[in-house]
Peer 1: 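First, the structure itself, so that you have it in front of you.
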Amino acid sequence: MKLGYPVINLGLGVTSSHTFRLALLSEEKLFNIVRKNLDALEETVRWNIEHNLLFYRISSNLIPFASHLNMDIAWQTKFAPDLARIGQYIKDNHMRISMHPGQFVVINSPNGSVYANSVRELQYHADILDLLQLDSTHKIQFHLGGLHGDAEGSREVFIQRYNALSDAIRSRLVIENDERFASVQECFELSKRCGIPVLFDTLHHEVKNDGETILAGLKKAMSTWGETNGIPMIDYSNQNPYKRVGAHAETIDVEKFRSFVRSLKGKDIDIMFEIKNKEASALQAQIVLEGVRKIF
DNA sequence: GGAAGTCAAGTCTCG
DNA sequence: CGAGACTTGACTTCC
């Protein structure tokens, strides 16, 4: 079981999400910013390894405008050696990586340019993981996009478009239950039709479900992960008591996490803490996990 | 240095 | 019909 947090380490004082305005796009600008982002990435990965947080989500902003139509700069060639070095460090330390493209990736969109942009964006994410030389257990998680007024039709389009993706992309893609369009049951049914693994999100499941418990939803999602996909990944969060339904908590609810871990009864999953205070919650969770392991 | 406005991109819900 | 929400604020301008 590996624990981690997404993208930014709040205590470290660096970020791998530096960007710039599209109007300023040039080779020099891009290379300078990407250099900063890669340095920050390496520093963050090192910190994570030192703290035994071996699950980490890399920023989609690592290479700004990477999938933009006007992008004709060969960043892949330029940064291949750096990414290979960082990837080797990741592999040497048995770290696992995920990525999560933004809401602009909607492969089932009825708008052809949205679809084309989505494929380019997914290709960019796959390129990063390929250049890190990580195998297909390192995943790209995304959602079913909008339903566009026709839920069944949009799922049909999703299956077709998913099947048409290159192996390089498809072998890394996993679908995450969301709080509006696709419950874990609906993701599970998509998985039965096209084989995509289902990444379970605990908070989304609390907001949208079909009556299953967290554990039942988790089991359903876990059953979709085959050998080549590695140990099932999940996103773990708590409801923010002061904000709208579905808003992520500022801090982890330690007791709730303890009872969740106990309920797992030894099931092996990798857990990403989507909690606002980032690495602080992941470290607290680690202490909980060590305590539970001593008991069992 | 800090506050406010802006930034590639989609889709839906709410007020 | 515009704002706000989403895995994630960062950059730029203005004072």
Side-chain angles (χ1 to χ4, degrees), chain A residues 4-10 12-25 29-30 32-34 36-37 40-41 44 55-71 97-125 128 139-151 153-154 157-158 161 173-182 199-204 207-208 233-237 239-240 243-250 271-279 281-282:
Chain A
Y5 62 93
V7 181
I8 189 166
N9 181 308
L10 295 176
L12 206 48
V14 298
T15 170
S16 49
S17 300
H18 291 288
T19 184
F20 52 87
R21 297 294 186 249
L22 178 58
L24 303 176
L25 178 58
K29 186 79 184 171
L30 182 75
N32 286 339
I33 290 284
V34 172
K36 275 173 80 173
N37 285 344
L41 172 63
T44 306
F55 190 21
Y56 178 61
R57 184 180 302 160
I58 291 180
S59 171
S60 294
N61 278 343
L62 196 67
I63 319 285
F65 307 109
S67 71
H68 194 275
L69 266 179
N70 297 346
M71 172 56 74
I97 297 298
S98 68
M99 296 187 80
H100 192 334
Q103 62 271 41
F104 310 107
V105 171
V106 184
I107 65 167
N108 50 303
S109 175
N111 179 331
S113 69
V114 172
Y115 170 47
N117 291 345
S118 298
V119 174
R120 283 204 314 280
E121 180 72 355
L122 290 174
Q123 183 63 54
Y124 152 62
H125 283 75
I128 294 292
K139 295 301 188 186
I140 301 167
Q141 62 190 84
F142 76 151
H143 299 287
L144 179 67
L147 299 178
H148 310 99
D150 175 10
S154 76
V157 173
F158 179 91
R161 300 258 174 94
L173 271 186
V174 300
I175 188 163
E176 176 187 345
N177 60 304
D178 65 75
E179 59 190 36
R180 295 193 294 170
F181 311 123
L199 188 151
F200 185 68
D201 182 301
T202 62
L203 182 56
H204 292 160
V207 176
K208 182 175 171 64
M233 297 174 166
I234 76 162
D235 283 351
Y236 186 96
S237 190
Q239 172 66 43
N240 184 320
K243 293 194 176 172
R244 66 162 189 95
V245 171
H248 295 280
E250 296 291 330
I271 307 179
M272 179 71 61
F273 292 92
E274 287 191 336
I275 295 179
K276 293 291 182 190
N277 68 355
K278 304 289 178 186
E279 78 277 8
S281 280

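Per chain, numbering begins at 1; letters A, B, ... match sequence-line order. What's counted below: heavy atoms across the whole structure, side chains too, no hydrogens, waters or symmetry copies.
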Peer 1: For A:T19, report the nucleic acid contact type (base, sugar-phosphate, nothing); a contact means any heavy atom under 4.0 Å.
Peer 2: sugar-phosphate
Peer 1: Report the residue (A:P6 or A:H18) whose heavy-atom-nearest nucleotide on DNA chain C is the more 5′ of the two.
Peer 2: A:P6
Peer 1: Kindly write out the residues that satisfy side chain to side chain contact (heavy atoms under 4.5 Å, CB included) with A:D150, not counting sequence neighbours, or none if the list is empty.
Peer 2: A:E152
Peer 1: Once you apply a heavy-atom cut-off of 4.0 Å, does A:S113 come out as touching a base, just sugar-phosphate, or nothing?
Peer 2: nothing
Peer 1: Distance check, C1' atoms only: C:dT7 and B:dG1, in whole angstrom units.
Peer 2: 31 Å
Peer 1: Taking only distance into account, with no hydrogens and no angle test, what donor-acceptor pairs under 3.5 Å do side-chain atoms of residues 12-23 of chain A form with protein atoms, sequence neighbours excluded?
Peer 2:
{"residue": "A:T15", "atom": "OG1", "partner": "A:S17", "partner atom": "N", "Å": "3.0"}
{"residue": "A:S17", "atom": "OG", "partner": "A:S59", "partner atom": "OG", "Å": "2.9"}
{"residue": "A:H18", "atom": "NE2", "partner": "A:T15", "partner atom": "O", "Å": "3.4"}

Peer 1: What is the nucleic acid contact for A:E274, judged by heavy atoms within less than 4.0 Å: base, sugar-phosphate only, or nothing?
Peer 2: sugar-phosphate
Peer 1: Where do N or O atoms of nucleotides 6-9 of chain B meet protein N or O atoms at under 3.5 Å, pair by pair?
Peer 2:
{"residue": "B:dT6", "atom": "O2", "partner": "A:R21", "partner atom": "NH2", "Å": "2.8"}
{"residue": "B:dA8", "atom": "OP1", "partner": "A:L22", "partner atom": "N", "Å": "2.7"}
{"residue": "B:dA8", "atom": "N1", "partner": "A:S67", "partner atom": "OG", "Å": "3.2"}

Peer 1: Please identify each residue that fulfils salt bridge (charged side-chain N to carboxylate O under 4.0 Å, His left out) with A:E274, with sequence neighbours left out.
Peer 2: A:R57
Peer 1: What would the secondary structure line of DNA chain C be in dot-bracket form, counting Watson-Crick and G-U wobble pairs under 3.5 Å, with [ ] for pairs that cross earlier ones and | for pairs with another strand?
Peer 2: ||||||..|||||||
Peer 1: What pairs with A:V157 under side chain to side chain contact (heavy atoms under 4.5 Å, CB included), at least two apart in sequence or on another chain?
Peer 2: A:N108, A:R161
Peer 1: How would you list, by chain and number, every residue that makes a ring pair (Phe, Tyr, Trp, His ring centres under 6.0 Å) with A:Y124, sequence neighbours excluded?
Peer 2: A:W75
Peer 1: Determine the contact category for A:L25: base if any of its heavy atoms lies under 4.0 Å from a base atom, sugar-phosphate if only primed atoms, P, OP1 or OP2 are that close, otherwise nothing.
Peer 2: nothing
Peer 1: Please state the C1' separation for the pair B:dA4 and C:dC6 - nearest whole angstrom.
Peer 2: 23 Å
Peer 1: Quick one: closest heavy-atom pair of A:I275 and A:S237, and the distance?
Peer 2: CG1-OG, 3.8 Å
Peer 1: NA contact type, A:K36, heavy-atom cut-off 4.0 Å: base, sugar-phosphate, or nothing?
Peer 2: nothing
Peer 1: Is the A:Y236-A:F273 ring centre distance short of 6.0 angstrom?
Peer 2: yes
Peer 1: With sequence neighbours excluded, tell me which residues meet salt bridge (charged side-chain N to carboxylate O under 4.0 Å, His left out) with A:E179.
Peer 2: A:R244
Peer 1: At under 4.0 Å between heavy atoms, what does A:K278 touch on the DNA or RNA strands: base, sugar-phosphate, or nothing?
Peer 2: sugar-phosphate
Peer 1: Applying ring pair (Phe, Tyr, Trp, His ring centres under 6.0 Å), can you list everything that pairs with A:F55, at least two apart in sequence or on another chain?
Peer 2: none
Peer 1: Please round to the nearest 0.5 Å and tell me the distance separating atom CG of A:L199 and atom NE2 of A:H100.
Peer 2: 8.0 Å
Peer 1: Which pair of non-hydrogen atoms, one from A:M233 and one from A:I97, has the smallest distance, and what is that distance?
Peer 2: CE-O, 3.7 Å
Peer 1: With rounding to the closest Å, how many angstrom separate the C1' atoms on C:dT8 and B:dG2?
Peer 2: 23 Å
Peer 1: Distance check, P atoms only: C:dT12 and B:dA8, in whole angstrom units.
Peer 2: 10 Å
Peer 1: Identify the pairs formed between an N or O of the protein and an N or O of nucleotides 2-4 of chain B at a distance under 3.5 Å, and give each distance.
Peer 2:
none

Peer 1: Under 4.0 angstrom, heavy atoms only, what part of the nucleic acid is A:G102 near: base, sugar-phosphate, or nothing?
Peer 2: base
Peer 1: Using the side chain to side chain contact (heavy atoms under 4.5 Å, CB included) criterion, which residues pair with A:F181? Sequence neighbours excluded.
Peer 2: A:L147, A:D178
Peer 1: What are the 5'-most and 3'-most nucleotides of DNA chain C lying under 4.0 Å from any heavy atom of chain A?
Peer 2: C:dA5 to C:dT12
